[in-house]
Protein chains: 2
Amino acid sequence: MELDARKVTILKAIIKTYLETGEPVGSRTISKYSDLQLSSATIRNEMSDLEEMGYIIQPHTSAGRIPSDKGYRFYVDQIMEEKDQEVTEIKELMVQRVDRVELLLKKMAQILAANTNYAAMISGPQYHQNKLKFIQLSRVDERKLLVVTVVEGNIIKNAIIDVNEAVGDEELLNLNILLNTSLNGLTIEEINLGVISRLKEKAGLHSHVVELVLNEVAEAIRVDEEELEIYTSGATNIFKYPELSDGEKASKLLSTFEQKEVLQDLIDEVNQNEHDSDTGIQVYIGDEMPVQGMRDCSVVTANYELGEGLRGTIGIIGPKRMDYEKVLGTLKNLMNQLDMTFKKEKGD
Amino acid sequence: MELDARKVTILKAIIKTYLETGEPVGSRTISKYSDLQLSSATIRNEMSDLEEMGYIIQPHTSAGRIPSDKGYRFYVDQIMEEKDQEVTEIKELMVQRVDRVELLLKKMAQILAANTNYAAMISGPQYHQNKLKFIQLSRVDERKLLVVTVVEGNIIKNAIIDVNEAVGDEELLNLNILLNTSLNGLTIEEINLGVISRLKEKAGLHSHVVELVLNEVAEAIRVDEEELEIYTSGATNIFKYPELSDGEKASKLLSTFEQKEVLQDLIDEVNQNEHDSDTGIQVYIGDEMPVQGMRDCSVVTANYELGEGLRGTIGIIGPKRMDYEKVLGTLKNLMNQLDMTFKKEKGD
DNA sequence: TATTAGCACTCTTAAAAGCCGAGTGCTAAT
DNA sequence: ATTAGCACTCGGCTTTTAAGAGTGCTAATA
């Protein structure tokens with residue numbers, strides 16, 4: 001059977017209506033609603049076809065039709081091509097002074113959740129490829145040193161280490177100079193054994209301290225990786241959608257959403273796919289969802305990038321009947337904003 | 001009417017049973033369950049009395065009784081006196097290397113939620129009275145300086161500031177020395193205008209930089225205050241309690257729990273009361289709860305202290321029929337662990 | 001006098017029955 | 001190819017019914 005223009009129109013009308021109401025939509029509704037002047041009987045015939053083709057489903061005889069996952073997929077693919085703008089008020093909020101990436105992400109999650117009325121998640125940046133920008137060693141106690149590590153993108157990590165040896169002021173200064181001249185500009189991967197042993201050699205007496213410091217640098221990265229920095233917001237928005245908010249489902253869903261590991265899995269999965277590499281936006285509908293326990297939902301994901309190689313993932317999670325247009329619009333918009341903001345900062 | 005020993009026994013039995021089952025408990029149950037050998041009829045009479053005295057309630061005629069808030073209160077006060085130990089496996093988890101307070105708190109919330117099967121919240125430390133321990137200025141770009149602030153308790157804050165003037169290496173060194181000699185050991189409040197103007201004077205040429213740095217120091221504190229650092233975990237545990245998990249209530253509750261401001265209000269309230277100043281543990285039951293939207297719950301709060309003046313609040317939120325014994329035990333235990341850990345570190 | 005047995009009564013909850021209406025599928029007419 | 005019309009289906013809602021748990025009261029008992 002052919003999916004001709006009229007069928008497409010009707011299918012779109014069905015999905016759109018369903019997105020709004022959340023109720024199965026019947027032939028009469030479409031007959032009145034859509035601009036093509038057809039009787040409900042005709043619509044019924046078409047709907048029958050559409051059902052046979054797998055785009056819509058009847059939850060039970062004598063109910064209207066609801067979109068199948070395939071139907072949603074069709075719809076999403078359609079508007080993916082069409083949409084591209086729509087300016088939201090995210091702009092103003094972005095202007096606010098943000099000095100820590102963490103804060104920015106938290107805020108972004110909140111904005112997204114508030115704007116879309118769905119749940120939002122944002123993974124913190126994973127910065128494997130990042131260059132070390134700066135190391136600073138300072139004494140805070142007799143035998144405690146503060147190690148501050150700054151990597152490209154101005155991500156700052158602190159750690160306090162116990163050293164068993166006394167380190168004089170001058171020695172400390174030298175260590176700082178040594179560390180910075182040797183390591184700055186290198187990526188994490190580039191700091192290999194060769195570099196390290198050379199470093200220790202030069203450090204002479206205090207090679208032990210160097211070792212501790214390097215541990216901290218590595219640790220800072222490592223911790224960050226396994227720490228699953230994922231910010232979420234608006235989880236309770238799901239209560240706005242009856243089909244998700246009955247006890248059983250809500251419980252499972254919220255629990256899933258609370259488990260950062262699971263979200264991490266989702267993000268990993270998403271990053272492997274990357275099939276719409278243009279914008280990096282992907283949509284998973286229902287059973288397409290890689291994560292068990294969210295099979296009643298859809299998720300729209302996007303990759304963001306803050307400056308050099310600092311990239312992470314955003315996800316909007318909502319019911320299958322989520323307003324894809326709006327979500328896609330909002331996301332694209334946010335991406336633009338981020339781009340602008342960080343281009344500007346870079347240009348400064 | 002007198003609350004004699006037998007009434008107390010019966011009351012306790014009722015509450016205990018109710019805590020386990022979550023269902024109204026009838027006279028027959030108690031008659032069989034409790035060790036005092038009485039017929040259900042007698043129990044009924046006593047229950048009637050207890051109801052009249054306000055300790056228990058009949059949700060409707062011909063249902064069993066459930067504890068009133070007053071009843072819970074009685075019960076809690078009883079075991080408050082009794083309990084004091086019970087070692088959990090929190091210990092092991094605490095041993096894990098924790099260098100950032102933030103991480104520790106997150107982990108604590110998780111442990112508490114997992115251990116109790118209720119929701120847990122922990123407020124970050126509020127450190128008004130804290131002494132500045134150390135300031136470090138470093139250059140990261142031509143015109144950008146990194147300001148690292150360490151306060152007592154090894155809380156570290158970073159900020160990057162733009163300076164419009166070039167600052168040479170030597171000048172930077174001098175500024176560092178100046179800042180540290182002038183400010184170290186002072187509390188935030190002690191850094192007043194007098195100190196500041198003296199400082200600027202000494203800084204001479206770079207008084208502008210000093211100003212920026214001080215702004216950052218202040219900002220670091222301020223941000224922290226309004227940033228509402230509250231960590232939560234186990235919100236979805238409420239689905240384990242049918243009386244909380246019906247759509248309406250669950251939604252309201254979880255939303256409340258998601259709003260950090262509200263939780264902050266709760267904590268503020270708690271801190272004003274402080275009536276059991278011994279352990280700082282307080283229990284709010286039902287309508288005693290300062291926060292609207294959690295009136296169907298109870299919350300057990302405690303104050304923790306990490307080292308000098310670094311104090312915050314912990315809350316366990318669950319149904320009114322929460323296992324007070326366990327929660328109180330767990331909390332006290334955690335307090336001890338914290339004390340031990342930080343005493344030890346201090347002694348090191 | 002305190003306790004207990006017994007019984008009628010109440011009220012909730014669960015299941016069953018019945019009704020309503022939206023929506024379909026099919027047929028016949030246009 | 002489209003439409004009108006009609007019988008039929010089936011989920012959701014309300015009402016009814018039944019069952020069960022628990023009480024309160026009274027009268028018997030120790």
Side-chain angles (χ1 to χ4, degrees), chain A residues 1-7 9-11 13-15 17-18 20-68 242-243 245-247, chain B residues 1-11 13-15 17-18 20-68 71 242-243 245-247:
Chain A
M1 202 175 317
E2 185 76 48
L3 191 64
D4 58 24
R6 195 171 74 175
K7 282 195 172 50
T9 314
I10 293 177
L11 179 55
I14 293 173
I15 298 185
T17 312
Y18 180 69
E20 282 163 18
T21 64
E23 307 264 296
V25 4
S27 53
R28 224 174 97 82
T29 314
I30 299 300
S31 160
K32 279 187 298 185
Y33 169 90
S34 78
D35 25 0
L36 24 79
Q37 293 298 344
L38 293 174
S39 79
S40 63
T42 313
I43 303 290
R44 270 203 291 286
N45 292 331
E46 294 288 37
M47 281 168 109
S48 178
D49 289 353
L50 284 171
E51 178 162 19
E52 196 179 328
M53 294 163 80
Y55 289 104
I56 51 181
I57 292 174
Q58 231 177 340
H60 54 86
T61 32
S62 86
R65 308 299 213 290
I66 63 174
S68 69
E243 70 269 40
S245 66
D246 82 279
Chain B
M1 202 177 314
E2 186 76 49
L3 190 65
D4 58 24
R6 195 170 73 175
K7 282 195 172 51
V8 171
T9 314
I10 292 177
L11 179 54
I14 293 174
I15 299 185
T17 311
Y18 180 69
E20 282 162 18
T21 64
E23 307 265 295
V25 4
S27 53
R28 224 174 96 84
T29 315
I30 300 300
S31 160
K32 280 187 296 185
Y33 169 90
S34 77
D35 26 1
L36 24 78
Q37 294 298 344
L38 293 175
S39 78
S40 63
T42 312
I43 303 291
R44 271 203 291 286
N45 291 332
E46 294 289 37
M47 281 168 110
S48 177
D49 290 353
L50 284 170
E51 178 161 20
E52 196 178 327
M53 294 162 80
Y55 289 104
I56 51 182
I57 292 175
Q58 233 177 337
H60 53 85
T61 32
S62 87
R65 307 301 213 289
I66 63 175
S68 68
E243 70 268 41
S245 66
D246 84 279

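Quick note on labels: first sequence line is chain A, next is B, and so on, each numbered from 1. None of the values given here were measured: they were computed from a predicted structure.
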Using modelled atom types only, decide if a donor and an acceptor are shared between the side chain of Thr21(B) and the backbone of Thr17(B) within a distance under 3.5 Å. yes

Do the non-hydrogen side-chain atoms of Thr42(B) and Arg6(B) ever get within less than 4.5 Å of each other? yes

Which of residues 42-54 of chain A have a heavy atom under 4.0 Å from DNA chain D? Thr42(A), Arg44(A), Asn45(A)

Is the shortest side-chain heavy-atom distance between Tyr55(B) and Leu3(B) below 4.5 Å? yes

Hey, what bend do you get for the helix from dT1(C)-dA30(D) to dT30(C)-dA1(D) if you fit axes on five pairs at each end, rounded to 10°? 20°

Per the side-chain contact (heavy atoms from CB on, under 4.5 Å) rule, which among Ile30(B), Leu36(B), Ile14(B), Asp4(B) passes with Thr9(B)? Leu36(B)

Between Ser31(B) and Ser40(B) the two heavy atoms that sit nearest each other are OG-N, 3.5 Å

On a heavy-atom basis, the closest approach of Lys7(B) and Glu46(B) is NZ-OE1, 2.9 Å

Taking DNA chain D as the partner, which of residues 57-67 of chain B come within under 4.0 angstrom of it by heavy atom? Gln58(B), Ser62(B), Ala63(B), Gly64(B), Arg65(B)

In residues 20-36 of chain B, which residues come under 4.0 Å of DNA chain D by heavy atom? Gly26(B), Ser27(B)

Pairwise distance NZ(Lys32(A)) to OG(Ser34(A)) - rounded to 0.5 angstrom: 12.0 Å

Could you pull out every donor-acceptor pair under 3.5 Å between side chains of residues 57-65 of chain B and any protein atom, sequence neighbours left out?
unit_1, atom_1, unit_2, atom_2, d
Gln58(B), NE2, Ala63(B), O, 3.4
Arg65(B), NE, Glu51(B), OE1, 2.8
Arg65(B), NH2, Glu51(B), OE1, 2.9

Rounded to the nearest 0.5 Å, what's the gap from CZ on Arg44(B) to CZ on Arg28(B)? Could you check? 10.0 Å

Which residue is it: Leu11(A), Ile10(A), Val25(A)? I am looking for the one with a side-chain contact (heavy atoms from CB on, under 4.5 Å) to Ile56(A). Leu11(A)

Closer than 3.5 angstrom, by distance alone: can the side chain of Ser27(A) be matched with the main-chain N or O of Ile43(A) as a donor-acceptor pair? no

Going 5' to 3' along DNA chain C, between which two nucleotides do contacts with chain B fall, using a heavy-atom cut-off of 4.0 Å? dT3(C) to dT12(C)

Nearest 0.5 Å, please: how far is CD in Glu23(A) from CD in Glu243(A)? 9.5 Å

